[in-house]
Trainee: 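Below you will find the structure I want to go over with you.
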Amino acid sequence: MSLDKIICDVKSTLIDAWKQINENAKHTVFIVDDNKVLKGVMTDGDIRRYLIKGGNMNEMVEKFMNKDYIAENINTSINELIKKTSSKIKIIPLVDDNNRLVDFFEYGADFYLPVAQPSLKGNEINYLLDAFLSTWISSRGEYINKFEKKFSKYIGYKHGVAVSNGTVALHLAMLSLNIGEGDEVIIPDLTFAATINAVLHAGATPVIVDVEMDSWCVNPIEIEKAITKKTKAIIPVHIYGQPCDMDSIMKIANKHSLFVIEDCAEAHGAEYKGKKVGSFGTISCFSFFANKIITTGEGGMCLTEDKKLDEKMRLLRDHGMSKSKKYYHDMVGYNYRLTNLQASIGVAQLERINEILFNREDIENEYKEKLSFSSSTIFQANNLKNRKKVTWLVSLLTNKNRDDILEKLQQNGIDARPFFYPLSEMEIYSKYALPTYNSKLISKKGLNLATNNLLNEDTYNRIIEVFKEFE
């Protein structure tokens, strides 16, 4: 990591320091003057303690920085530096004879690179504090309205209903469409369990079908074959940021008068024929979990063009309580609400979504270049006709032993994840599955690599060396 990412000017505010700490993920910034002379150290813990006491984030760091810090000369030996580290001190500023900051030492015995990490370097802290200070910290407040309007506009639908997570978004969509006992809902075999769980929670019967080998998304041919008189809806999942074949799916849905509920949990900003995914179905559902493209920590949203569905989802989201008669309930509802605090983060994230998408794509391209030597590695397709995928996680298939690669990466401090298990291979879901082949093959070979802004030459090299061992 470059030194610039871990320093903060003495004239900066606490907000500036917080943003820099979040970006460098070192929990620390070194405070310097215009000549790079070290003046103090500040940690995220220092800032949190100050806020708990009622502090103001617009205060200057100079006033609150820790002047009683440990620093060492740039010529200090590695052994001596290691002796200075502890469970509390893991990073030490290195200065020259004039106390100018020239480098830092970080003891790396416990190095660990997470598979994903949210990027929170925009207005997240500003809006969060604004929501906090407004005292509207629960399920009402201006940021909820802003987030719903801005996100639905970004996707291209009229209405957005913010909810507590992506799973309840799927459940709420099915409830609003009266999908329940006696109804069948077609879903892909390769997806996270939330997709099928939401169907089961609604009381409906999931029908699991296979995916396309090239896109990893649900296969329209298999959808058509699975339709019966009981079929009520299709849930296409834009898996790992790849758009489904929405023309074929919508044609099937229209032919058989079926609802389409898009599961867009991993595909914010992906496009099919120039339209963003989430702007095709009867209702589309998004997740804003911490590892998603944009996040509210936990959270989700249902989008629709239908005003009546929008109104019904809002009613169900809020206990089924009448909008005109307080504490009078028109239907049995749920508490599926998002908080104003969470929505404030979502608004800030949405302001930067193009930047976030670009950075993720850049990371994937870097992986492709650095792993171009590997003949056994196949990255997720990005050239499929009519489809513009986004990078949620950098996803690939390997013809080597995937689990051995995962284990070796973990040993080197690099987090990586296998693909989802096919639903058909889990005992609790297998009875709902039609024959599948592609899903099982893709799942067995699939690997998601670390996709976050902490990647640098050192971490890339660690990953490259692992893949070289298996060539």
Side-chain angles (χ1 to χ4, degrees), residues 1-53 55-114 117-122 124-126 359 363 412-415 450 452-462:
M1 176 178 289
S2 69
L3 190 61
D4 288 343
K5 292 198 173 186
I6 204 166
I7 63 175
C8 188
D9 191 273
V10 72
K11 303 186 191 75
S12 300
T13 64
L14 290 174
I15 287 179
D16 297 326
W18 183 274
K19 289 179 179 178
Q20 194 73 337
I21 287 171
N22 175 69
E23 186 173 1
N24 67 44
K26 301 294 185 186
H27 306 286
T28 302
V29 283
F30 305 135
I31 313 300
V32 299
D33 65 14
D34 292 341
N35 295 313
K36 294 290 178 68
V37 173
L38 185 62
K39 294 295 183 180
V41 173
M42 179 167 283
T43 68
D44 51 3
D46 295 330
I47 297 175
R48 284 197 299 269
R49 285 187 286 273
Y50 173 64
L51 288 176
I52 289 170
K53 293 178 181 178
N56 186 333
M57 288 292 281
N58 289 314
E59 292 277 8
M60 306 301 290
V61 293
E62 186 175 21
K63 186 177 177 181
F64 301 99
M65 65 187 181
N66 185 357
K67 298 178 182 178
D68 183 20
Y69 56 85
I70 291 177
E72 291 294 325
N73 189 275
I74 187 65
N75 296 315
T76 304
S77 70
I78 295 293
N79 288 337
E80 286 301 312
L81 289 171
I82 291 174
K83 289 178 184 178
K84 296 284 186 178
T85 62
S86 67
S87 59
K88 292 185 177 180
I89 301 172
K90 295 183 178 181
I91 186 165
I92 299 173
L94 301 179
V95 297
D96 64 13
D97 293 336
N98 296 312
N99 206 44
R100 287 181 300 202
L101 185 68
V102 292
D103 206 346
F104 64 91
F105 173 78
E106 183 177 19
Y107 185 52
D110 58 350
F111 172 83
Y112 180 73
L113 178 71
Q117 181 165 303
S119 172
L120 303 170
K121 60 181 183 179
E124 288 84 358
I125 186 65
N126 297 340
N359 288 342
I363 289 169
N412 281 271
I414 306 291
D415 195 11
N452 66 53
N453 292 325
L454 300 181
L455 284 158
N456 55 32
E457 282 304 307
D458 174 61
T459 50
Y460 278 123
N461 287 337
R462 291 183 188 222

Trainee: Report the distance from atom CG of D103 to atom CD1 of I6, rounding to the nearest 0.5 Å.
Mentor: 10.0 Å
Trainee: Sub-3.5 Å donor-acceptor pair from the side chain of N35 to the main-chain atoms of V37, do we have one?
Mentor: no
Trainee: May I ask you to test the I363-Y460 pair for a side-chain heavy-atom distance under 4.5 Å?
Mentor: yes
Trainee: The criterion is salt bridge (charged side-chain N to carboxylate O under 4.0 Å, His left out); which residues satisfy it with K121, sequence neighbours excluded?
Mentor: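 For K121, the residues satisfying salt bridge (charged side-chain N to carboxylate O under 4.0 Å, His left out) (neighbours in sequence not counted) are E23, E355.
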Trainee: Within a 6.0 Å radius of atom CD on Q117, are there more than 12 heavy atoms belonging to other residues, nucleotides or ligands?
Mentor: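 Counting neighbours around CD of Q117, more than 12 heavy atoms of other residues, nucleotides or ligands fall under 6.0 Å, so yes.
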Trainee: Using the side-chain hydrogen bond (donor to acceptor under 3.5 Å, both in side chains) definition, which of the options T43, D46, N22, D44 pairs with H27?
Mentor: D44
Trainee: Can D34 and D9 be said to form a side-chain contact (heavy atoms from CB on, under 4.5 Å), step by step?
Mentor: CA-CA 7 Å; D34 292 341; D9 191 273; 3.3 Å; yes
Trainee: Is the shortest heavy-atom distance from the side chain of W18 to the side chain of R48 under 4.5 Å?
Mentor: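 Side chain of W18 against side chain of R48, heavy atoms only: contact under 4.5 Å found.
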Trainee: Under the rule for side-chain contact (heavy atoms from CB on, under 4.5 Å), what residues qualify as partners of N98, not counting sequence neighbours?
Mentor: D96, R100
Trainee: Do V61 and K39 have side chains that get closer than 4.5 Å, going by heavy atoms?
Mentor: no
Trainee: side-chain contact (heavy atoms from CB on, under 4.5 Å) for N452 and L113? Distances and angles first, verdict last.
Mentor: CA-CA 9 Å; N452 66 53; L113 178 71; 3.7 Å; yes
Trainee: With distance as the sole test, does N66 use its side chain to make a donor-acceptor pair with the main-chain N or O of V41 at under 3.5 Å?
Mentor: no
Trainee: Is there a donor-acceptor pair closer than 3.5 Å between any side-chain N or O of N456 and the backbone N or O of T459?
Mentor: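 Indeed, once roles are kept as given, a pair shorter than 3.5 Å links the two residues.
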Trainee: Work out which heavy atom in L38 is nearest to a heavy atom in A71; give both atom names and the distance.
Mentor: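 Closest heavy-atom pair between L38 and A71: CD2-CB, 4.0 Å.
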Trainee: Are T13 and M57 close enough, and set up right, to give a side-chain contact (heavy atoms from CB on, under 4.5 Å), and what steps lead you there?
Mentor: CA-CA 7 Å; T13 64; M57 288 292 281; over 6 Å; no
Trainee: So, for P114 and A450, which heavy atoms are closest and what is the spacing to 0.1 Å?
Mentor: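 In terms of heavy atoms, the two residues are closest at O-CB, 3.8 Å.
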Trainee: Using a 4.5 Å cut-off on heavy atoms from C-beta on, say whether the side chain of K26 contacts that of E106.
Mentor: yes
Trainee: Do you know the tightest heavy-atom contact between V29 and I21?
Mentor: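 Looking at all heavy atoms of both residues, the shortest contact is CG1-CG1, 3.6 Å.
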Trainee: Between Q20 and D16, is a side-chain contact (heavy atoms from CB on, under 4.5 Å) present by the stated rule, with each step listed?
Mentor: CA-CA 6 Å; Q20 194 73 337; D16 297 326; over 6 Å; no
Trainee: Nearest 0.5 Å, please: how far is CG in L101 from CG in D33?
Mentor: 10.5 Å
Trainee: Do the non-hydrogen side-chain atoms of N75 and L94 ever get within less than 4.5 Å of each other?
Mentor: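 Counting from C-beta outward, N75 and L94 never come under 4.5 Å.
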Trainee: Using 0.5 Å steps for rounding, measure from the CG atom of L454 to the NZ atom of K5.
Mentor: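 Answer for the CG-NZ pair, L454 versus K5, is 8.5 Å.
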Trainee: side-chain contact (heavy atoms from CB on, under 4.5 Å) with E59: which residues, sequence neighbours excluded?
Mentor: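 Result, side-chain contact (heavy atoms from CB on, under 4.5 Å) vs E59: L14, Y50, N56, K63, F64.
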